[in-house]
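What you are looking at is a predicted structure, and each value in this text was computed from that prediction instead of being measured. Just so you know, these numbers use all the heavy atoms, side chains as well, and skip hydrogens, waters and symmetry mates.
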Amino acid sequence: MNFKKHLLSAIILSAVTIPTLALAADSLSVHILNQQTGKPAPGVEVTLEQKQANNWKILNSEKTDQDGRVKKLWPDNVKTEIGNYRVTFKTGKYFADNNQSSFFPEIPVEFNISDPEQHYHIPLLLSQYGYSTYRGS
């Protein structure tokens, strides 16, 4: 009987703590869609930086997957904090790899985290000579 009590306690505790840990590790995601083709943009390097005084500190860098996504750009070893951040999409290489020119070799998007408990998603709609972004969900 005592074993069942401990097992039940462990299950209940894990149900409460595991989603909390996942939220901290899943603070930021990005998605790039090529407006010209209507398809995702795989292989684009995306860099996350934090503003510190007059400088930017690099926190992480990842490449988009086949679906044009980085599902977890926030690094595990960095606590999500209120502040100003920048995501830079290195789009020049993506277009060069596809034998296309582009007016924007990089697209920096500055944003503010006001609630570290929320998930932030930054979609980028991309073409060779223009782009659009917004706060997604």
Side-chain angles (χ1 to χ4, degrees):
M1 180 69 168
N2 199 15
F3 172 75
K4 287 181 183 178
K5 230 163 117 176
H6 288 296
L7 182 60
L8 183 58
S9 295
I11 291 170
I12 291 170
L13 182 61
S14 68
V16 172
T17 57
I18 289 174
T20 303
L21 293 173
L23 179 63
D26 191 24
S27 299
L28 179 64
S29 59
V30 299
H31 185 206
I32 306 174
L33 200 61
N34 185 329
Q35 287 182 309
Q36 291 168 253
T37 63
K39 295 181 179 179
V44 177
E45 184 180 348
V46 183
T47 303
L48 170 65
E49 299 168 280
Q50 180 182 32
K51 184 140 192 179
Q52 296 182 339
N54 293 327
N55 297 310
W56 292 96
K57 177 184 175 186
I58 295 176
L59 299 180
N60 198 16
S61 185
E62 298 283 342
K63 286 193 176 187
T64 56
D65 63 15
Q66 286 304 112
D67 196 31
R69 297 178 184 273
V70 176
K71 295 176 182 159
K72 191 178 98 74
L73 187 55
W74 203 272
D76 290 332
N77 62 342
V78 177
K79 182 180 175 190
T80 307
E81 297 178 346
I82 292 171
N84 294 318
Y85 296 87
R86 177 170 64 193
V87 170
T88 303
F89 299 91
K90 313 275 179 142
T91 55
K93 185 175 180 335
Y94 166 77
F95 282 113
D97 288 349
N98 287 286
N99 298 316
Q100 296 176 312
S101 61
S102 174
F103 189 66
F104 301 102
E106 292 186 350
I107 300 173
V109 178
E110 292 185 35
F111 62 101
N112 177 268
I113 290 183
S114 58
D115 181 357
E117 298 299 316
Q118 288 189 27
H119 175 80
Y120 292 82
H121 180 69
I122 302 173
L124 179 69
L125 302 174
L126 177 65
S127 73
Q128 290 174 272
Y129 301 102
Y131 65 90
S132 176
T133 189
Y134 56 94
R135 179 173 178 187
S137 58

Under 3.5 Å, is there a donor-acceptor pair between the side chain of [X] and the main chain of [Y]?
{"X": "Thr88", "Y": "Ile107", "answer": "no"}
{"X": "Thr64", "Y": "Ala41", "answer": "yes"}
{"X": "Gln36", "Y": "Ser127", "answer": "no"}
{"X": "His31", "Y": "Pro40", "answer": "no"}

Answer yes if [X] and [Y] sit in the same cluster of Ile, Leu, Val, Met, Phe, Trp and Tyr residues linked by side chain heavy atoms under 4.5 Å apart, and no otherwise.
{"X": "Trp56", "Y": "Val78", "result": "no"}
{"X": "Val44", "Y": "Leu125", "result": "no"}
{"X": "Tyr131", "Y": "Ile122", "result": "yes"}
{"X": "Val70", "Y": "Val109", "result": "yes"}

Spatial distance of atom [atom1] ([X]) from atom [atom2] ([Y]) [nearest 0.5 Å]:
{"X": "Asn60", "Y": "Gln50", "atom1": "CG", "atom2": "CD", "result": "12.5 Å"}
{"X": "Leu59", "Y": "Tyr85", "atom1": "CG", "atom2": "OH", "result": "7.0 Å"}
{"X": "Gln128", "Y": "Tyr94", "atom1": "CD", "atom2": "OH", "result": "9.5 Å"}
{"X": "Lys71", "Y": "Asp26", "atom1": "NZ", "atom2": "CG", "result": "10.5 Å"}
{"X": "Arg86", "Y": "Glu49", "atom1": "CZ", "atom2": "CD", "result": "4.0 Å"}

Exercise. Can you check whether Asn84 reaches Glu110 side chain to side chain, under 4.5 Å on heavy atoms?
Worked result: no
Minimum heavy-atom separation for [X] and [Y], please, with both atom names.
{"X": "Ser114", "Y": "Tyr120", "value": "N-OH, 3.3 Å"}
{"X": "Asp67", "Y": "Asp65", "value": "N-OD1, 2.9 Å"}
{"X": "Pro123", "Y": "Thr133", "value": "O-OG1, 2.6 Å"}
{"X": "Glu62", "Y": "Leu73", "value": "CG-CD1, 3.9 Å"}
{"X": "Thr91", "Y": "Phe104", "value": "OG1-O, 2.6 Å"}
{"X": "Leu48", "Y": "Phe111", "value": "CD1-CZ, 4.2 Å"}

Problem set entry | Full working for side-chain contact (heavy atoms from CB on, under 4.5 Å) between Glu106 and Phe89 | CA-CA 6 Å; Glu106 292 186 350; Phe89 299 91; over 6 Å; no
For this session: Would you tell me whether His121 and Ser29 have side-chain atoms, one donor and one acceptor, within less than 3.5 Å of each other?
Result: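 Yes, Ser29 and His121 have a side-chain donor paired with an acceptor closer than 3.5 Å.
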Exercise. Are any of the side-chain nitrogens in Lys63 or Glu45 under 4.0 Å away from the carboxylate oxygens of its partner?
Worked result: no
Exercise. Does a salt bridge link Asp76 with Lys72, judged by any charged N lying under 4.0 Å from a carboxylate O?
Worked result: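 Salt bridge present between Asp76 and Lys72.
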For this session: Return the set of residues passing side chain to side chain contact (heavy atoms under 4.5 Å, CB included) with Phe103 (not counting sequence neighbours), or none when no residue passes.
Result: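 Only Tyr129 meet the side chain to side chain contact (heavy atoms under 4.5 Å, CB included) criterion with Phe103.
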For this session: Show your reasoning for whether side-chain contact (heavy atoms from CB on, under 4.5 Å) applies to Val30 and Leu124.
Result: CA-CA 8 Å; Val30 299; Leu124 179 69; over 6 Å; no
Exercise. Is the number of heavy atoms from other residues, nucleotides or ligands under 6.0 Å of Gln66 CD greater than 12?
Worked result: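 Incorrect, the count does not exceed 12.
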